[in-house]
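Below is the structure I would like to discuss, written out as structure tokens.
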Amino acid sequence: MNVLFKNIKELLQVRAADVSVVSGIDMKVLPTIKNAYLIVQNGFIAAFGSMDDCPRDWRHEVVDAQGKIILPSWCDSHTHIVYTGNRENEFVSRINGMSYQEIAENGGGILNSAKQLEKVSEEQLYKESKNRLEEVIRQGTGAIEIKSGYGLTVEAELKMLRVIRQLKNNYNLPIKATFLGAHALPTAFKNNKKGYVKLLIHELLPIVAKEQLAEYIDVFCEKGFFTAKDTALLLKAGQKHGLIPKIHVNQFNAIGGVQVGVEYNALSVDHLEVVCLEDIKALKNTSTIPVALPNCSHFLGIPFTPARALIDAGLPLALASDYNPGSAPSGNMTQVAALGCVKMKMTPKEVINAATLNGAYAMGLEKEVGSITVGKRANLILTKEINSYPYLFYAFGTNHIDSVYINGEKQDG
Ligand code: NIG
Ligand code: FE
């Protein structure tokens with residue numbers, strides 16, 4: 001696929017190849033080129049610069065981007081898009097006053113999704129999941145992480161992970177798989193958490209590793225779910241099998257999970273709606289990136305991750321959708337970024353850094369995607385004619401995307 005984009009009003013997130021993540025005050029910087037061109041060759045970014053230097057002898061396809069902006073596709077480092085059925089009944093219960101935790105304690109929540117998932121075939125699960133993947137690609141996502149965790153039995157967890165593998169085989173954007181067997185305690189192990197952790201470590205993990213079904217291991221480290229100690233055990237076991245840790249932590253309570261994540265070199269610690277000074281201290285000078293999930297805060301009406309405290313302490317921050325049936329039934333990353341601006345007081349430059357390059361870093365994909373860099377995949381968003389890039393988040397709820405490209409190929413709108 002060879003394409004020349006010309007007359008680009010502004011080309012965003014233009015980076016040298018050695019910039020893999022941006023932290024602290026550097027997040028306030030978004031390098032751009034106004035009135036730019038961009039050349040895609042064989043699916044990769046081959047050249048870009050000012051229109052003054054645009055090649056005159058181009059013989060392939062040309063896209064005139066007059067009045068439009070180009071940015072790298074969104075890199076969504078935290079999703080649960082493999083699921084079946086919805087939970088709008090719980091949505092109504094919460095409107096009527098029940099909390100997310102109360103619903104979970106009464107067999108709803110993750111267990112509700114697990115019950116539904118157990119019954120469906122792998123084919124049906126694939127069909128529903130691929131529709132979600134196609135939906136988020138249309139919304140500008142060009143790299144994605146997907147978790148298991150609605151299986152909670154050997155068979156059902158493997159079913160989920162095999163669906164993720166099928167998605168990897170059939171779609172040409174980077175997809176990373178995460179084994180989240182420790183998402184909730186299944187009913188069969190209601191009074192036997194030790195037994196379930198044992199099953200995960202000694203039965204499931206070896207199969208996941210042998211069949212190379214996941215790159216990452218995740219745990220929901222939270223009161224009523226898995227303790228910091230359980231988390232440590234699971235991460236250690238995952239590492240032994242070559243899986244890199246990435247955890248759900250501090251969603252409702254700080255129970256020492258961030259420290260465990262750092263101790264086991266987690267690539268990311270996600271949620272962080274509750275953050276203590278000790279957590280910030282623990283994350284400083286580590287390779288672990290905090291990931292905020294504003295869709296979840298918005299949808300559950302819980303606090304937003306204190307982005308300012310994290311960034312102003314010099315840390316990096318990524319934004320992800322958390323697309324799932326319970327706490328964030330949307331994978332629209334432009335909307336996620338808009339929430340980052342409005343609710344977390346992040347600037348448009350910061351949210352773009354958080355949802356592109358830092359999101360790529362949170363999936364170990366920073367060499368492949370996340371910025372306009374020669375040699376990276378041409379996974380791109382071409383906006384409609386808009387006045388400026390902050391408008392993407394200011395005029396919330398409107399679709400500002402003209403077209404999306406994966407490996408330089410225009411996707412069906
Ligand atoms: O990231 N917090 C844990 N897991 C998911 C939600 C799971 C669900 O409610 O289905 C999350 O928010
Ligand atoms: Fe999640």
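Predicted model only: the values in this text are computed from it and were never measured. Along the sequence shown, the residues carry numbers beginning at 1. Hydrogens, waters and symmetry mates play no part in the numbers below; they use all other heavy atoms, side chains included. Numbering of ligands and ligand atoms starts at 1, following listing order.
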> Which N, O or S atoms belonging to the protein are less than 2.8 Å from the Fe ion (ligand 2)?
Replying inline: H78 NE2, H80 NE2, H248 NE2, D322 OD1
> Which atoms of ligand 1 sit under 4.0 Å from any heavy atom of H78?
Replying inline: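 Taking each heavy atom of H78 in turn, ligand 1 has 1 (O) under 4.0 Å.
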Which donor-acceptor pairs under 3.5 Å do the side chains of residues 375-391 make with protein atoms, sequence neighbours left out?
{"from": "K376", "atom 1": "NZ", "to": "E366", "atom 2": "O", "distance (Å)": "2.8"}
{"from": "K376", "atom 1": "NZ", "to": "V369", "atom 2": "O", "distance (Å)": "3.0"}
{"from": "K376", "atom 1": "NZ", "to": "S371", "atom 2": "OG", "distance (Å)": "2.7"}
{"from": "R377", "atom 1": "NE", "to": "E368", "atom 2": "OE1", "distance (Å)": "2.7"}
{"from": "R377", "atom 1": "NH1", "to": "N172", "atom 2": "O", "distance (Å)": "3.0"}
{"from": "R377", "atom 1": "NH1", "to": "N407", "atom 2": "OD1", "distance (Å)": "3.0"}
{"from": "R377", "atom 1": "NH2", "to": "E368", "atom 2": "OE1", "distance (Å)": "3.0"}
{"from": "N379", "atom 1": "OD1", "to": "N407", "atom 2": "N", "distance (Å)": "2.7"}
{"from": "N379", "atom 1": "ND2", "to": "G142", "atom 2": "O", "distance (Å)": "2.9"}
{"from": "T383", "atom 1": "OG1", "to": "I69", "atom 2": "N", "distance (Å)": "2.9"}
{"from": "T383", "atom 1": "OG1", "to": "I69", "atom 2": "O", "distance (Å)": "3.4"}
{"from": "K384", "atom 1": "NZ", "to": "N399", "atom 2": "O", "distance (Å)": "2.9"}

> In the protein, what heavy atom is nearest to atom 12 (O) of ligand 1, and what distance, to one decimal place, separates them?
Replying inline: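 Checked against all protein heavy atoms, atom 12 (O) of ligand 1 sits closest to S327 OG, 2.5 Å.
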> At a non-hydrogen distance cut-off of under 4.0 Å, which region of H80 contacts ligand 1 (side chain, backbone, both, or neither)?
Replying inline: side chain
> Does atom NZ of K130 have more than 12 heavy-atom neighbours, drawn from other residues, nucleotides or ligands, at distances under 6.0 Å?
Replying inline: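 Yes, NZ of K130 has more than 12 neighbouring heavy atoms, counting only those of other groups under 6.0 Å.
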>> Angle between ring planes, H248 versus H78, binned at 30° and 60°: parallel, tilted or perpendicular?
In response: perpendicular
>> Applying ring-ring contact (aromatic ring centres under 6.0 Å, His included) as the test, list every pair that has at least one member in residues 94-123; sequence neighbours left out.
In response: Y100-F252
> To which protein heavy atom is atom 11 (C) of ligand 1 closest, and what is the distance rounded to 0.1 Å?
Replying inline: D322 OD2, 3.2 Å
> Starting from atom 4 (N) of ligand 1, which protein heavy atom do you reach first, and at what distance in Å?
Replying inline: H183 NE2, 2.7 Å
> Mind checking whether W74 and F393 have parallel, tilted or perpendicular rings, split at 30° and 60°?
Replying inline: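 Judged by the thresholds at 30° and 60°, the geometry between W74 and F393 is tilted.
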> In terms of the angle between their ring planes, are Y405 and F5 parallel, tilted or perpendicular, with boundaries placed at 30° and 60°?
Replying inline: perpendicular
> What protein heavy atom sits nearest atom 2 (N) of ligand 1, and how far off is it?
Replying inline: Q251 OE1, 2.7 Å
> Can a salt bridge be assigned to the pair E90 and R94 using a cut-off of 4.0 Å between side-chain N and carboxylate O?
Replying inline: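 Salt bridge flag = no for R94 with E90.
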>> Tell me if the CG atom of L277 is crowded by more than 12 foreign heavy atoms within 6.0 Å.
In response: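 For L277, atom CG is not crowded (no more than 12 foreign heavy atoms under 6.0 Å).
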Please table the atom pairs, donor to acceptor, closer than 3.5 Å between any side-chain atom in residues 298-319 and protein atoms at least two apart or in another chain.
{"from": "T305", "atom 1": "OG1", "to": "H271", "atom 2": "O", "distance (Å)": "2.6"}
{"from": "T305", "atom 1": "OG1", "to": "L272", "atom 2": "O", "distance (Å)": "3.3"}
{"from": "R308", "atom 1": "NE", "to": "D312", "atom 2": "OD1", "distance (Å)": "3.4"}
{"from": "R308", "atom 1": "NE", "to": "D312", "atom 2": "OD2", "distance (Å)": "3.2"}
{"from": "R308", "atom 1": "NH1", "to": "K345", "atom 2": "O", "distance (Å)": "2.8"}
{"from": "R308", "atom 1": "NH1", "to": "E350", "atom 2": "OE1", "distance (Å)": "2.9"}
{"from": "R308", "atom 1": "NH2", "to": "D312", "atom 2": "OD1", "distance (Å)": "3.1"}
{"from": "R308", "atom 1": "NH2", "to": "E350", "atom 2": "OE2", "distance (Å)": "2.8"}

> So which of F225, Y323, Y100, Y83 gets nearest to atom 6 (C) of ligand 1, if we judge by its closest heavy atom?
Replying inline: Y100
> Any idea which atoms of ligand 1 are less than 4.0 Å away from a heavy-atom of Y150?
Replying inline: 7 (C), 8 (C), 10 (O)
>> So for atom CG, which belongs to N131, do other residues, nucleotides or ligands contribute more than 12 heavy atoms lying within a distance under 6.0 Å?
In response: yes
